[in-house]
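Just so it is clear, the model here is predicted, and its values are computed rather than measured. Side-chain atoms are counted along with the backbone in the values below, which use heavy atoms only and exclude waters and symmetry mates.
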Amino acid sequence: MCYMTIISTTSDLDLTKFNSSDVTFDSELPGVPEEKLLKYSHKWYVGSHQGCSCGFRHLMAANFPDLGFSAPEEWFQENKEDIDATLKLVKIFKGIIISGEKLECIDAWAHDPSAEPFLEGNVVVNLNEIPETSFRLIENYHHEFICNT
């Protein structure tokens with residue numbers, strides 16, 4: 001099983017222009033049930049150097065209330081490639097929001113495409129308040145991004 005990170009935005013920007021070896025955007029969605037929950041017209045699958053979305057920083061939903069957004073810690077080994085890819089991803093997200101567009105993300109766990117969509121919860125992520133190094137995707141959460149000062 002793998003993470004499948006999907007986003008939708010009001011921006012009509014071709015996100016494939018940001019594709020690199022560690023962050024890729026594809027307008028063909030992976031087929032997870034949570035795609036039905038995306039509300040904006042431009043929808044994208046976000047892949048990593050691993051092909052799936054596993055090559056980004058993630059936090060299991062059960063740990064979200066206690067650990068939240070935080071920078072990598074010595075006691076919890078994270079792959080440097082995943083950290084770097086996540087930094088690139090959050091900068092792209094921030095650029096979209098700063099341009100005046102809306103952006104949401106669901107960090108889904110790959111499962112039966114015919115199943116009902118499953119989310120643990122929703123989180124509003126203010127990218128002006130969370131340091132880029134602290135950002136990570138929260139498993140099975142709907143993320144709504146803003147950049148309020």
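Counting heavy atoms from C-beta outward, Tyr40 and His42 have side chains that stay 4.5 Å or more apart. Within the 4.5 Å cutoff, no side-chain heavy atoms of Val32 are placed close to those of Ile106. The closest side-chain heavy-atom distance from Val125 to Ile138 is not below 4.5 Å. At a threshold of 4.5 Å between non-hydrogen side-chain atoms, the residues Ile6 and Pro30 count as touching. Residues Glu35 and Lys43 fail the side-chain proximity criterion, which asks for heavy atoms closer than 4.5 Å. Using a 4.5 Å cut-off on side-chain heavy atoms (C-beta onward), Glu116 and Pro33 make no contact. At a threshold of 4.5 Å between non-hydrogen side-chain atoms, the residues Thr133 and Leu87 count as touching. With contacts defined as side-chain heavy-atom distances shorter than 4.5 Å, the pair Tyr141/Leu59 does not qualify.
Leu13 and Leu89 end up in the same hydrophobic cluster when Ile, Leu, Val, Met, Phe, Trp and Tyr side chains are linked at under 4.5 Å. Note on Leu67 and Ile130: same hydrophobic cluster, where clusters join Ile, Leu, Val, Met, Phe, Trp and Tyr whose side-chain heavy atoms are under 4.5 Å apart, directly or indirectly. Hydrophobic clustering of Ile, Leu, Val, Met, Phe, Trp and Tyr side chains at less than 4.5 Å, counting indirect connections, keeps Leu29 apart from Ile7. Phe145 and Leu38 end up in different hydrophobic clusters when Ile, Leu, Val, Met, Phe, Trp and Tyr side chains are linked at under 4.5 Å. At a threshold of 4.5 Å between side-chain heavy atoms, the hydrophobic network of Ile, Leu, Val, Met, Phe, Trp and Tyr places Phe93 and Tyr45 in two separate groups.
Counted within 6.0 Å of NZ on Lys80, heavy atoms from surrounding residues, nucleotides or ligands total 12 or fewer; the atom is thus considered open. Crowding of Lys39 atom NZ: a count of heavy atoms from other residues, nucleotides or ligands under 6.0 Å exceeding 12. Glu73 CD: more than 12 foreign heavy atoms inside a 6.0 Å radius.
Within the model, atoms CH2 of Trp109 and SG of Cys2 stand 6.5 Å from one another, a figure rounded to the nearest 0.5 Å. For the atom pair OG1 (Thr16) and CG (Asp26), the distance works out to 9.0 Å, reported to the nearest 0.5 Å. Remark: Thr9 OG1 to Trp44 CH2 distance equals 10.0 Å, nearest 0.5 Å. Once rounded to the nearest 0.5 Å, the distance linking OG1 of Thr86 with CD of Glu132 reads 11.5 Å. Note that the CD atom of Glu101 and the CD1 atom of Ile96 stand 8.5 Å from one another [nearest 0.5 Å]. The CD1 atom of Ile146 sits 7.0 Å away from atom CD of Glu129, with the distance rounded to the nearest 0.5 Å.
When all heavy atoms are compared, the tightest approach of Arg136 to Ser70 is NH2-OG, 3.0 Å. Residues Arg57 and Pro72 come closest through the heavy atom pair NH2-N, 3.6 Å. When all heavy atoms of Pro113 and Gly31 are compared, the pair lying nearest together is CB-O, 3.1 Å. Residues Asp22 and Ala85 share a closest heavy-atom pair of O-CB, 3.6 Å. Residues Cys52 and Met4 approach most closely at CB-CE, 4.0 Å, considering heavy atoms. Of all heavy-atom pairs spanning Ser20 and Lys88, the tightest one is OG-NZ, 3.7 Å.
Donor-acceptor pairing under 3.5 Å is recorded for the side chains of Thr5 and Asp107.
No side-chain donor-acceptor contact under 3.5 Å links Glu34 to the backbone of Pro117. Checked by atom type and distance alone, the side chain of His143 pairs as donor or acceptor with a backbone atom of Cys105 at under 3.5 Å. Looking only at distances, no side-chain donor or acceptor of Asn140 sits under 3.5 Å from a matching main-chain atom of Glu120. Of the possible donor and acceptor atoms, one in the side chain of Ser53 sits under 3.5 Å from a partner among the backbone N and O of Val46.
With ring centers used as reference points, Phe56 lies 6.0 Å or more from Tyr3.
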